[in-house]
There are 2 protein chains.
Amino acid sequence: MNLKNLSDLLGLSQTTVSRALNDYPEVSEATRARVKAAAIKHHYRANTRAKSLATGRSMAIGHVIPISTRHEIVNPIFADFIAGAGEVYSRNQHDMLLSVVPDVEEERTYRELAAKASVDGVIVHGPRPNDPRIPLLKSLGIPFVVHGRASDGDTDYSWVDVNNRRSFERAANFLFDLGHRRLALINGLEFMDFAKRRKEGFLAAHAARGVAANPALMVTGEMTEDFGFRAAGAMLARPDAPTAFIVSSMIMAIGVRRAISDARLKLGRDISVIIHDDALSYLPNGADIPIFTATKSSVHEAGKLCAQMLLDIINAGDRTPRHTLLETELTVGESTGPA
Amino acid sequence: MNLKNLSDLLGLSQTTVSRALNDYPEVSEATRARVKAAAIKHHYRANTRAKSLATGRSMAIGHVIPISTRHEIVNPIFADFIAGAGEVYSRNQHDMLLSVVPDVEEERTYRELAAKASVDGVIVHGPRPNDPRIPLLKSLGIPFVVHGRASDGDTDYSWVDVNNRRSFERAANFLFDLGHRRLALINGLEFMDFAKRRKEGFLAAHAARGVAANPALMVTGEMTEDFGFRAAGAMLARPDAPTAFIVSSMIMAIGVRRAISDARLKLGRDISVIIHDDALSYLPNGADIPIFTATKSSVHEAGKLCAQMLLDIINAGDRTPRHTLLETELTVGESTGPA
DNA sequence: TGCCAAATTGAAAGCGCTTTGAATATGAAC
DNA sequence: GTTCATATTCAAAGCGCTTTCAATTTGGCA
């Protein structure tokens, strides 16, 4: 069933039928009702490709998911973020186009998306300091929103980010207030911007208290359970073992917990742990009382915000950058206690 | 830069340029080379919408991700599956169209995808027994592949699935062989087909050994850490506590491990655990020696297989169903021992 | 009754590509 | 030098929609 069939059926021109369905005013209410009824009855839906060819808008948003050729890991945050964004797209009749590409081909992918005109805008995932994608997208003229920020370089673009620096500074201060002095940081890979900012916050808190941060207690790595386990295990074996950990993700923290329990220590009593909690739907931080004391910020919500911001930008047609900086919630759980 | 511009530039007709780029034989090698060079030089890529309007193929595959209105959870398996499928699509110049929709609107979404002709085929996620989507997609005439199977009802469709029944039967037998008699099953929600099959396998092993399965030791629920923790905690507190657990996912098992350690028991010595390991990239089952004894099957691989099967079906044009049944690998880790 | 503005409808062009059918150029065979 | 098959190129139609511009109808008012 296409427009021609439908209009023939109704004895109307394609013009009128198209206008009736798209709520143009120059169509009588009587015909509009008749047309809409017929459209529903015959399950008519405008062919997306034809429609977007005619209008010049694809009604689709692109997400380019780079698969690291070195690390072969899929960001576990991804599912919840996508789900959040997807909800917004569905509600606004947009499609989501996902490209999973080896990171080395990322630039080519963006260029193709632009040239093939298959999306109206893109979300940029996992920004790195001085990220080359930002100038690229600007030069291509595609509207985009970055989930996170890329420090250094051009900062004149739209983003939604968590205040990672402040968040980790607060976490460190919380531990200092409990009397801890030997804090460990188990962070994500440092070429990711968020990890860099978290470390800065961690160090800033140390500086403010006049406590020297021990480089041996600051590690960065893949955000896996296994890495958390090894890193924490190694640190706990040191003579200058930390009394508290700040951990960049729930998944890593699960490994940290395993290391702590393997070392026959009790979480919250012998050792304190604060995590950053992305509020992943399948890893809730306890039901009533949080298992971990955490700086919490829902990545599902971030997905929604990014998507909404991008749609707003596209609709507004005005390209002045927008920013949303989310503060985390510091929720106290059972994993922290006095030193 | 569009086809017209490019052909004007070259002093050729659009026909010839199009043919040159699409490797049609009736174009001289000299012109083909000239055209291809110019295309690269001017970053020309055919507009997807125009192309698919002309060819009738959208070169896109749809994935409908239902968000349960009740459970609000995103399947953690999702990211790795999508990454696997996405790799295959990229390699074959296909796009992936993701629709995140409340489960109640799923039917409407499939109908729209069909009517709007925005995809050439779809992957069906999370089949349930007697799943209504299968007859629906058949009636709509869209090629599709199911990740998993829907027992009961029409079985005449293409799928890629793990042999869940056999897998859990083997796991139970492995524990029986170690001398365990009181086995617990911590399973996914039973309206999911895979969970149903796993339970069948669990029960089949019991029946074969003449051991009565204790209904109190078989639970189903959300696949979260928290559910695993609570379920295992409650069971361990019983007078007829299990000596071994079979757990349907790594994430649940992490909760089980927490419950075990809270009960001051040692995993692998006091209590055995076998998990089903989907080999999620961010939750590796230990680095050298597996933490958990597991029935393992990579969901990333399953994503690739589903995608490849669907593309094959679309290209073959032949609609006879194909099936791939994957056997799991039973790898012995440190979480099991004699009763 | 006649006139003009407003309301309503339609024909046709165009979005950027593929593909059919026709036209032209080339070259081998006579 | 023709002739005809083959190789190469092109003009134009068509994919299903939107939108411009033109045509028609309607109704208010003098």
Side-chain angles (χ1 to χ4, degrees), chain A residues 1-36 38-39 42-60 93-95 111-120, chain B residues 1-36 38-39 42-60 93-95 112-120 315:
Chain A
M1 175 59 57
N2 57 22
L3 187 61
K4 184 162 189 325
N5 296 155
L6 188 65
S7 40
D8 285 356
L9 220 76
L10 285 160
L12 288 168
S13 72
Q14 299 188 32
T15 312
T16 305
V17 174
S18 169
R19 280 179 177 146
L21 293 173
N22 290 307
D23 289 321
Y24 279 67
E26 61 269 68
V27 115
S28 77
E29 280 315 313
T31 28
R32 187 190 309 287
R34 200 159 66 89
V35 170
K36 287 201 168 177
H42 297 95
H43 296 297
Y44 172 77
R45 314 242 75 207
N47 180 306
T48 327
R49 301 168 321 202
K51 185 166 188 160
S52 60
L53 185 57
T55 57
R57 293 192 50 176
S58 65
M59 300 297 277
Q93 290 84 251
H94 277 249
D95 290 325
R111 286 194 183 283
E112 283 198 3
L113 281 179
K116 299 198 295 185
S118 30
V119 298
D120 293 334
Chain B
M1 176 59 56
N2 57 21
L3 187 61
K4 186 164 188 323
N5 298 155
L6 188 64
S7 40
D8 286 357
L9 220 77
L10 285 160
L12 288 167
S13 71
Q14 298 189 33
T15 312
T16 305
V17 174
S18 168
R19 280 181 177 147
L21 293 173
N22 291 307
D23 289 322
Y24 278 70
E26 61 269 71
V27 109
S28 77
E29 280 315 313
T31 26
R32 188 191 308 286
R34 201 158 66 90
V35 169
K36 287 203 169 177
H42 297 95
H43 295 296
Y44 172 76
R45 312 244 76 208
N47 180 306
T48 327
R49 302 170 318 206
K51 183 165 189 161
S52 61
L53 185 56
T55 57
R57 294 191 51 175
S58 64
M59 300 298 277
Q93 289 85 252
H94 276 249
D95 289 325
E112 284 198 2
L113 281 180
K116 300 197 295 186
S118 28
V119 298
D120 293 333
N315 290 328

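Per chain, numbering begins at 1; letters A, B, ... match sequence-line order.
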Roughly how many Å is it from [atom1] in [X] to [atom2] in [N], rounded to a whole number?
| X | N | atom1 | atom2 | value |
| --- | --- | --- | --- | --- |
| K4(B) | dA11(D) | NZ | P | 11 Å |
| L53(A) | dA13(C) | CG | P | 17 Å |
| M59(B) | dC17(C) | CE | C1' | 14 Å |
| L21(B) | dG16(C) | CG | P | 17 Å |
| N47(B) | dC15(C) | CG | C1' | 9 Å |
| D23(A) | dT8(C) | CG | P | 15 Å |
| R49(A) | dG14(D) | CZ | P | 19 Å |
| N5(A) | dC15(D) | CG | C1' | 13 Å |

Original post:
Side-chain contact, heavy-atom cut-off 4.5 Å: L113(A) with R45(B)?
Top reply: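 Answer no - side chains too far apart.
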To the nearest 0.5 Å, what is the distance between [atom1] ([X]) and [atom2] ([Y])?
| X | Y | atom1 | atom2 | value |
| --- | --- | --- | --- | --- |
| R19(B) | E26(B) | CZ | CD | 4.5 Å |
| N47(A) | L53(B) | CG | CG | 6.5 Å |
| L3(A) | D8(A) | CG | CG | 9.5 Å |

Please find the pair of heavy atoms, one from [X] and one from [Y], that lie closest to each other, and give the distance.
| X | Y | result |
| --- | --- | --- |
| R57(A) | R49(B) | C-NH1, 3.8 Å |
| R32(A) | Y24(A) | NH2-O, 2.6 Å |
| S118(B) | S58(B) | O-OG, 3.3 Å |

Closest to side chain of [X], choosing from [options]:
| X | options | result |
| --- | --- | --- |
| A50(A) | dT18(C), dT9(D), dG16(D) | dG16(D) |
| T31(B) | dT9(D), dC17(C), dT19(D) | dT9(D) |
| E26(A) | dT18(C), dT9(C), dT19(D) | dT9(C) |

Is any side-chain nitrogen or oxygen of [X] closer than 4.0 Å to OP1 or OP2 of [N]?
| X | N | result |
| --- | --- | --- |
| Y24(B) | dT8(D) | no |
| S28(A) | dT9(C) | yes |
| N22(A) | dT18(D) | yes |

**OP:** Go through residues 7-20 of chain A and report each residue with a non-hydrogen atom lying under 4.0 Å from DNA chain C, sorted by number.
**Re:** G11(A), L12(A), S13(A), T15(A), T16(A), R19(A)
